[in-house]
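A quick write-up on the structure given underneath.
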Amino acid sequence: MGTADGIRIGWIGAGRMGAELVKRLLAAGHDVAVYNRTRSKAEALAEVGASVVERPVELAGRDVVFTMVAASADLEQVTSGEDGLFTDPEVAPRVLIDSSTVSAEASAAVRVAARKRGTELLAAPVSGNPKVVAAGKLTLAVSGPRAVFDEVEPVLGVLGRGVTYVGEDEVARLVKIAHNVFLGVVIQSLAEITVLAEKGGVSRAAFLEFLNDSVLGSVFTRYKSPALVNLDFTPTFTMPLLRKDFDLGLAAARALEAPMPIASATAQLVASAVGAGHTEEDFATLVLEQARRSGLVLKSEHADVDDGLTPDKEANVDE
């Protein structure tokens, strides 16, 4: 394939994340064709230069195809299901880059199906959300054949600020799942200490300002501070998605004989929050459940809290 110039790209899955990433590829001058199950989302990208197709198989003649879908079953459907990417008997893409969060087993199955068609799979899960993508701060962990990674690295580099090759086969899936388990553990811990401080008479805004300026503060704790202080739970990543990642992480831990006592406890708290009805809001609603167990009813502090995501600051935050 040579350089990134002239590579014809297909994209399957134009949700909020996918759409922002397609915009970056288009802005870099790439020819991008898009399929999305809900066509209207793909048509919005046509206004900024993408072409739109009706079926995944129509992308089979592209050099590189990205997939970013919700779950393992969706990935199997758009690749090998009816009108899937690999169902054209004459042509298949040179490289499939999957950025969905799926199990290693599902990824391995798609890798086998791809190789039968002469397509190499790179697993390339991402860390970030649409706001992070727009700021050019997305990061990717990539696994698969090193030579294939080297070929397409210039294209991957358009998507964000950091592309890390982590090894062969499906190991990038484990990297992403470990990342998201840590995400859940951190937000639960942050909720606990914030509620503790408030119950002792400290405002959430003051406590988090102190924490964020300390050595324990991070891009993530600052990014989530407005949600915790002002109770704005506009979703960046929902609790059911976090629960799915805990399930995947704990299954990997069992298979690898790696005990995860803190993650296991957090998984139960996440499941409890889902059971309590926190399914559509941002996963930072864990703070509401923590407050409820502590005998507090939280109210917005209506404070001016900086989320830290300004163009001159680093950002590698949640899903």
Side-chain angles (χ1 to χ4, degrees), residues 70-73 75 98-109 123-129 132 139-144 162 164-196 211 215-224 227-228 235-276 278-279 281-294 316-319:
S72 299
L75 180 59
D98 179 61
S99 293
S100 313
T101 301
V102 299
S103 68
E105 293 77 12
S107 183
V126 302
S127 172
N129 62 38
V132 174
T139 57
L140 302 94
V142 186
S143 64
T164 304
Y165 179 76
V166 296
E168 295 286 338
D169 300 325
E170 319 314 326
V171 296
R173 308 296 186 184
L174 182 59
V175 170
K176 177 60 187 296
I177 290 165
H179 170 281
N180 282 12
V181 168
F182 186 49
L183 184 75
V185 168
V186 171
I187 193 67
Q188 174 60 32
S189 179
L190 190 61
E192 290 179 18
I193 59 173
T194 302
V195 168
L196 171 66
L211 179 77
V215 294
L216 288 176
S218 68
V219 172
F220 178 72
T221 64
R222 187 174 295 279
Y223 173 72
K224 280 302 178 190
L228 298 181
T236 62
F237 191 50
T238 63
M239 209 78 75
L241 292 174
L242 183 60
R243 179 177 61 177
K244 179 192 77 169
D245 288 343
F246 268 98
D247 289 343
L248 292 170
L250 293 174
R254 285 192 295 273
L256 295 170
E257 301 292 354
M260 298 184 71
I262 296 173
S264 297
T266 305
Q268 293 301 312
L269 293 167
V270 171
S272 174
V274 172
H278 297 291
T279 57
E281 313 123 305
D282 189 74
F283 69 113
T285 50
L286 281 168
V287 74
L288 299 181
E289 285 296 287
Q290 184 63 29
R292 180 185 61 79
R293 288 189 296 268
S294 303
N316 178 21
V317 292
D318 57 74
E319 235 344 58

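Throughout, residue positions are numbered sequentially from 1 according to the sequence presented. Quantities reported herein were computed from a predicted structural model and do not represent experimental measurements.
No donor-acceptor distance shorter than 3.5 angstrom exists from the side chain of Asn180 to the backbone of Leu183, with no hydrogens or angles considered. Judged by distance alone, the side chain of Lys176 and the main-chain N or O of Ser127 form no donor-acceptor pair under 3.5 Å. Using a distance-only test at 3.5 Å, with no hydrogens or angles considered, no donor-acceptor pair links the side chain of Ser100 to the main chain of Ala70. Panel note: side chain Thr285, backbone Asp282; a donor-acceptor pair is recorded below 3.5 Å. Remark: the backbone N or O of Gly144 is paired with a side-chain donor or acceptor of Tyr165 at under 3.5 angstrom. Checked by atom type and distance alone, the side chain of Thr164 never pairs as donor or acceptor with a backbone atom of Val166 at under 3.5 Å.
Heavy-atom neighbours of Phe182 CZ from other residues, nucleotides or ligands within 6.0 Å: at or below the threshold of 12.
With sequence neighbours excluded, no residue forms a side chain to side chain contact (heavy atoms under 4.5 Å, CB included) with Ala109. For Glu281, the salt bridge (charged side-chain N to carboxylate O under 4.0 Å, His left out) test picks out no residue, with sequence neighbours left out. Residues that satisfy the side chain to side chain contact (heavy atoms under 4.5 Å, CB included) test with Leu190, not counting sequence neighbours, are Ile187, Ile193, Thr194, Leu208, Leu211, Thr221, Leu228. Residues forming a side chain to side chain contact (heavy atoms under 4.5 Å, CB included) with Ser72 (at least two apart in sequence, or on another chain): Val102, Ser103, Ala106. Not counting sequence neighbours, the partners of Ser107 by the side-chain hydrogen bond (donor to acceptor under 3.5 Å, both in side chains) test are Glu170, Arg173. Residues meeting the side chain to side chain contact (heavy atoms under 4.5 Å, CB included) test with Ala71, sequence neighbours left out: Asp74.
For Glu289 against Ser272, the heavy-atom pair with the smallest separation is OE1-OG, 4.3 Å. Contact between Ala252 and Leu174 at its shortest, heavy atoms only, is CB-CD1, 4.0 Å. Taking every heavy atom of both residues into account, Ala284 and Ala227 meet most closely at CB-CB, 4.1 Å.
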Under 3.5 Å, which donor-acceptor pairs do the side chains of residues 254-270 form with other protein atoms, sequence neighbours left out?
{"residue": "Ser264", "atom": "OG", "partner": "Met260", "partner atom": "O", "Å": "2.8"}
{"residue": "Thr266", "atom": "OG1", "partner": "Ile262", "partner atom": "O", "Å": "2.9"}

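Put simply, the side chain of Met239 reaches to within 4.5 Å of the side chain of Leu286, judged on heavy atoms. Looking at heavy atoms from C-beta onward, Thr238 lies out of side-chain contact with Thr279 at the 4.5 angstrom threshold.
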Checklist entry - Does the side-chain hydrogen bond (donor to acceptor under 3.5 Å, both in side chains) test come out yes or no for Lys224 and Thr236, once each step is laid out? => result CA-CA 10 Å; Lys224 280 302 178 190; Thr236 62; 3.2 Å; yes
Checklist entry - Could you go step by step and tell me if Val195 and Arg293 meet the side-chain contact (heavy atoms from CB on, under 4.5 Å) rule? => result CA-CA 10 Å; Val195 168; Arg293 288 189 296 268; over 6 Å; no
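Relative orientation of the Phe283 and Phe237 rings is perpendicular, given thresholds of 30° and 60° on the angle between their planes.
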